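Comments concern the structure below.
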Amino acid sequence: MHELGDAFAIAMALVVSADSDLLEIVGLSLRVSVSAMLVSCAVALPLGAVVAIARFPGRGAVIVVLNALMGLPPVVVGLLVYLMLSNAGPFGGLRLLYTPTAMIIAQTILITPIIAALSRQVIEDLHQEYAEQFRSLCVPAHTAMAALLWDARYSLLTVALAGFGRAVAEVGAVIIVGGNINHLTRVMTTAIALETSKGDLALALALGIVLLAIALLVNSGVMALRSTSARHAYV
Amino acid sequence: MFDAALYAIGALGAMTGRSPPILPGEAHGLVLDVDGQRLIDGVDLRLASPGVTVIMGPNGAGKSLLLRLLHGLIPPTAGRISWGGGPLSEAVRARQAMVFQRPVLLRRSVAANIDFVLKLRGKAAAERRDALLDHVGLVDHAALPARLLSGGEQQRLALARALAIGPEVLFLDEPTASLDPASMQRIEQIVGAAGRNGTKIVFVTHEQGQAKRLADDVVFLHRGRILEHTAADRFFDRPESEAARDYLAGRILL
Amino acid sequence: MTSRVLAFGVAALAAVVLFQPGTARAADRSIILQSTTSTANSGLYDHILPIFERKTGIKVNVVAVGTGQAIKNARNGDGDVLLVHAKPAELKFVADGYGVARHDVMYNDFIVVGPPSDPAGVAGIKKVVDAFEKIAAAKAVFASRGDNSGTHKKEMRLWRKAGLSVTDASGTWYRETGSGMGATLNVGVGMGAYVMTDRATWISFKNKGSFKILVEGDDDLFNQYGVILVNPEKHPRVRAKAGQAFIDWILSEEGQQAIRSYRLDGQQLFFPNAERVAQGKAQ
């Protein structure tokens, strides 16, 4: 298993040399997955909040479905988005297939249930605490929702991060809708898949290490933010 | 402790509101069943006069539940509640405020907790907020996260927040139950001032000294029923019911 | 508070919009080439496409999948040019009206690789069909693409020619990976299985372990690549002009020379034969 040692050496060399291809791939990975995370949050956080607060028939079913969708296989999402965006599909005219936008769409669909389901839990917990006080103050539902989202923001940051982690790590969806086109839609995971298929296991592993390092950086950044806020008792 | 600016805030609703008077508050045949257990058992109550009404009674008597029913936080199983002769509508509820035994503060700064309520009522203004914080002695802590305050300070903030809406009725559910004597005294001062400013106070406690200090009239609740509702002096001097006598003598465990 | 949350949402959406890189696909001067992993992974396109791009300004975006998948994608109109290696399927694609015309571009050959222990004793056998018979008789482990790719189709034709129905043995000594050439080679090397692969992938493959080429040089192992313009009459969004320019170029002497000049480890990986086919078609 000399690949492991080689991989670390190659990873170091890649990072130190700031290889332009690598930077491009890393940049696209971040751009696609951060975008997917932001779009997902814009949809999933309000959705999670509504499901957390509102009482309506079928609410239990919605929660079960949301939780189940957290396990959505990326390949299935990729296939669905491909069928939608294909020139033979209903949205072929948009010419989005094999573009970063297609990858963002796929990852957004993939992680929206995750962010919605987890934020629903977070907000529901906080709502338990606030509900009676809010009722006493006659806080309207939309104000309550906004207040809960705001007050739970540091917990929700972790939720968003979970979504980002899933998005940046998945390969099945982006390789189908992105096509792994060099200098256009190649991201970290599809590059890893490519190098693995070329039998260059050390390089593939090195890319994996770089991906891990990026995830580590992002997470520790958020942790630092959270601990600051914890010191200020906002969590 | 009396403060002209606060008076303007606290009694704003009562003084300038064109809405009909909120008193009397009335309950008729109020019943509350929870999981097949009758916790409020046919309560008739009339809160007609301003001032401080103290609800007393042993643990499990249903004091907190009665307060929540009167404020409309929970619906009764049977019976009727009215304020000012009308139903307990959202508009009426918005003219009432409640302070809970354990203060529920937003995960924000002290000032933001007040601002939230002022904004909610469309009365956001830094001066109002500062006057309120000054009134409860927290103006120096305005920028602090609310959850870093001591228990007594948190409860004073909760009280300031309740006053921020300018309530015409203020419900307090054992607000000093877990506080030190000094904190308790400050809370009582603030509540007393609000009562003198024209806010109707409904105060749950089983602390006799506190009840004596605050109460104009006393509602004695036992096993979900009101056994007595009389002027405070009379209740403490000559309680009519056996249960009240036992309770005041410390023979009913709290 | 509501406004702050709203502001966040707007900011998020704005960020996404601003984040969007200029989609090269949208530019007129680019085409999608649906092609195979063998050609892409070998590095051929990295060698020849910059030459074409410098000359014409047309950027060629390569989607590298199995031939079967590439043809399917092209049928859906998700590509402008198809460059694959499964002649019968390519001809059917054209016959069905999805492609304009098919041209031979280049060839190389398939080989059978395996562990040095060579449990079925196929090393040096001249006819690949004989080697397959020996592998089946020995029930020696054989890793197949099993993905309907050009290589897989070729392999299936060879088993049929040997009169063997290997799919019955699927899961025993005959193992279908359902993955690309590289992934299948990884599996083969991992389990000491025989694998049929195109030579270009093998030469550029870096995880060979101790594996060796055991069977090569049989005419049956000929591997022809063809190029097809996706029919703009079927799919109006096909960039026919730019696509045809690419096809014209790759069939031209300059394109053929570009293919000829690509070497890896001193070996030529693809052999241009456009002209020969043009004559072949004329007959």
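Below, chain A is the first sequence line, B the second, and so on; all start at residue 1. Quick caveat: nothing in here was measured; it's all calculated off a predicted structure.
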Does the plane of the ring in H71(B) sit parallel, tilted or perpendicular to the ring in F171(B)? Use 30° and 60° as the thresholds.
tilted
So, the part of R102(B) with a heavy atom under 4.5 Å from chain A: the answer is neither
Of all heavy-atom pairs between V32(A) and Q107(A), which one has the smallest distance, and what is that distance?
CG1-OE1, 3.4 Å
Pick one of side chain, backbone, both or neither for V117(B), based on which atoms fall under 4.5 Å of a heavy atom in chain A.
side chain
Of all heavy-atom pairs linking L70(B) and W83(B), the shortest is O-NE1, 3.0 Å
Side chain, backbone, both or neither: which part of L120(B) has a heavy atom under 4.5 Å from chain A?
side chain
Would the number of heavy atoms belonging to other residues, nucleotides or ligands and lying under 6.0 Å from CD of E90(B) be above 12?
yes
